[in-house]
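Below is one structure; the comments refer to it alone.
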Number of protein chains: 2
Amino acid sequence: MSKQELVVLGRDGVEGCCPALLAAPLDDGQAEALAKVFKALGDPVRLRLLSMIASRAGGEVCVCDLTPAFDLSQPTISHHLKLLKQAGLIGSERRGTWVYYRLLPEMTDRLAATLTRPAGQPLSEATPAGAAS
Amino acid sequence: MSKQELVVLGRDGVEGCCPALLAAPLDDGQAEALAKVFKALGDPVRLRLLSMIASRAGGEVCVCDLTPAFDLSQPTISHHLKLLKQAGLIGSERRGTWVYYRLLPEMTDRLAATLTRPAGQPLSEATPAGAAS
DNA sequence: AGGTTGTATCGACAAACATCGATTCACTAG
DNA sequence: CTAGTGAATCGATGTTTGTCGATACAACCT
């Protein structure tokens, strides 16, 4: 079911590879899809969740290990995990009583590519450091 | 004034280089600062603005070229530009009657690095494709 | 000075969001 | 089958955010 979500994101969402944020103007659909993913990253709790999941040796974290790391209720953590999952950033698997989350590196790779500017960027010709206020 | 904002972000915010989202758990301050920048990217209008600014040959765009590209009021565009600026993603310069915006590539470079996972990531040992739902 | 044009700020309002407690669902163990 | 535990969903609530019109500010040009 959530695999489907990923497929959708891959199809009419962030699509083929990298929308190239910095190389050409995004069309409206690309912007909408990309914004959803960045919005998922735009919360400190979700960023910490993601980094805890991504940096865990073995690649998996049990929800039962994530929840007590925050001063938030269990439903709130569950909600944040759901948003990260809907953004295609993480996936989950139930094993017995417990649910394990893991990073889906395809999405972070895609975002990194999106934010990388093409070879010789025509910026800062006469703009050495922080000339623009 | 907004240069100051950038400095602040550089100091106790995203800091030195890359908080390494995917390599180690973020501390609370890092997460808070990073979230602000991602939040700025979490809106389709701002993404389109940023991509229009970044992809413009010469590196500069006049606000007067940006505003008519949207079905939104001038104050709304101004507001979005302000948020992008406060996030350290763009800078502005007034020349005569017009104000020009440009990309500050330091920030996008930093974000790209943040989303890049370290060399041999311990993921997907037994997870070929999209095993996790 | 006075008028004109481009941009930013202000105040208001509706929609979206983060959070919680209560409940329900999924699974395991007696 | 009946607890008991981990996780997700549901409703409600206070806060944040995107948007607008009105207004103020900045620079140019008579």
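Here is the naming used below: chain letters follow the sequence lines, and residue numbers restart at 1 for every chain. Note: hydrogens, waters and symmetry copies are ignored here, and every other heavy atom, side chains too, is used.
A salt bridge does not link B:R48 to A:E32: none of the charged side-chain nitrogens sits closer than 4.0 Å to a carboxylate oxygen. Comment: B:D109 engages A:R117 in a salt bridge, judged by a side-chain N to carboxylate O separation of less than 4.0 angstrom. The pair A:K39-B:D43 fails the salt-bridge criterion, with no side-chain N (NZ, NE, NH1 or NH2) lying under 4.0 Å from an Asp/Glu carboxylate O.
In this structure, NZ of A:K36 is placed 13 Å from P of C:dA16, rounded to the nearest angstrom. Rounded to whole Å, the distance from CG on B:L66 to C1' on C:dG6 is 13 Å. One can place CG of A:L49 at 14 Å from C1' of D:dA7, the figure rounded to the nearest angstrom. Atoms NZ (B:K82) and P (C:dG6) sit 22 Å apart, rounded to a whole Å. Rounded to a whole Å, the CH2 atom of A:W98 is 17 Å from the P atom of D:dG4.
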How does protein contact run along nucleotides 18-30 of chain C, one letter per nucleotide 5' to 3', with B for base contact, S for sugar-phosphate only, - for none, heavy atoms under 4.0 Å?
SBBBB---SSS--
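In this structure, A:M52 CE and A:L49 CG are separated by 7.0 Å, a value rounded to the nearest 0.5 Å. From B:L41, atom CG reaches atom NZ of B:K36 across 14.5 Å, with rounding to the nearest 0.5 Å.
Here the side chain of A:R102 pairs no donor or acceptor atom with the backbone of A:E60 at under 3.5 angstrom.
Between D:dG6 and A:Y100, no contact under 4.0 Å exists linking OP1 or OP2 to a side-chain N or O.
Applying the 4.5 Å side-chain rule to ILVMFWY residues, one finds B:W98 in the same cluster as B:Y100.
Shown are A:L66, A:L81, A:V63, A:V61; of these, the side-chain contact (heavy atoms from CB on, under 4.5 Å) with A:V99 is made only by A:V63.
Here A:F70 lies out of heavy-atom contact (under 4.0 Å) with every strand.
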Determine which bases of DNA chain C form Watson-Crick or G-U wobble pairs with both distances under 3.5 Å, and write the result as a 5' to 3' dot-bracket string with | for other-strand partners.
||||||||||||||||||||||||||||||
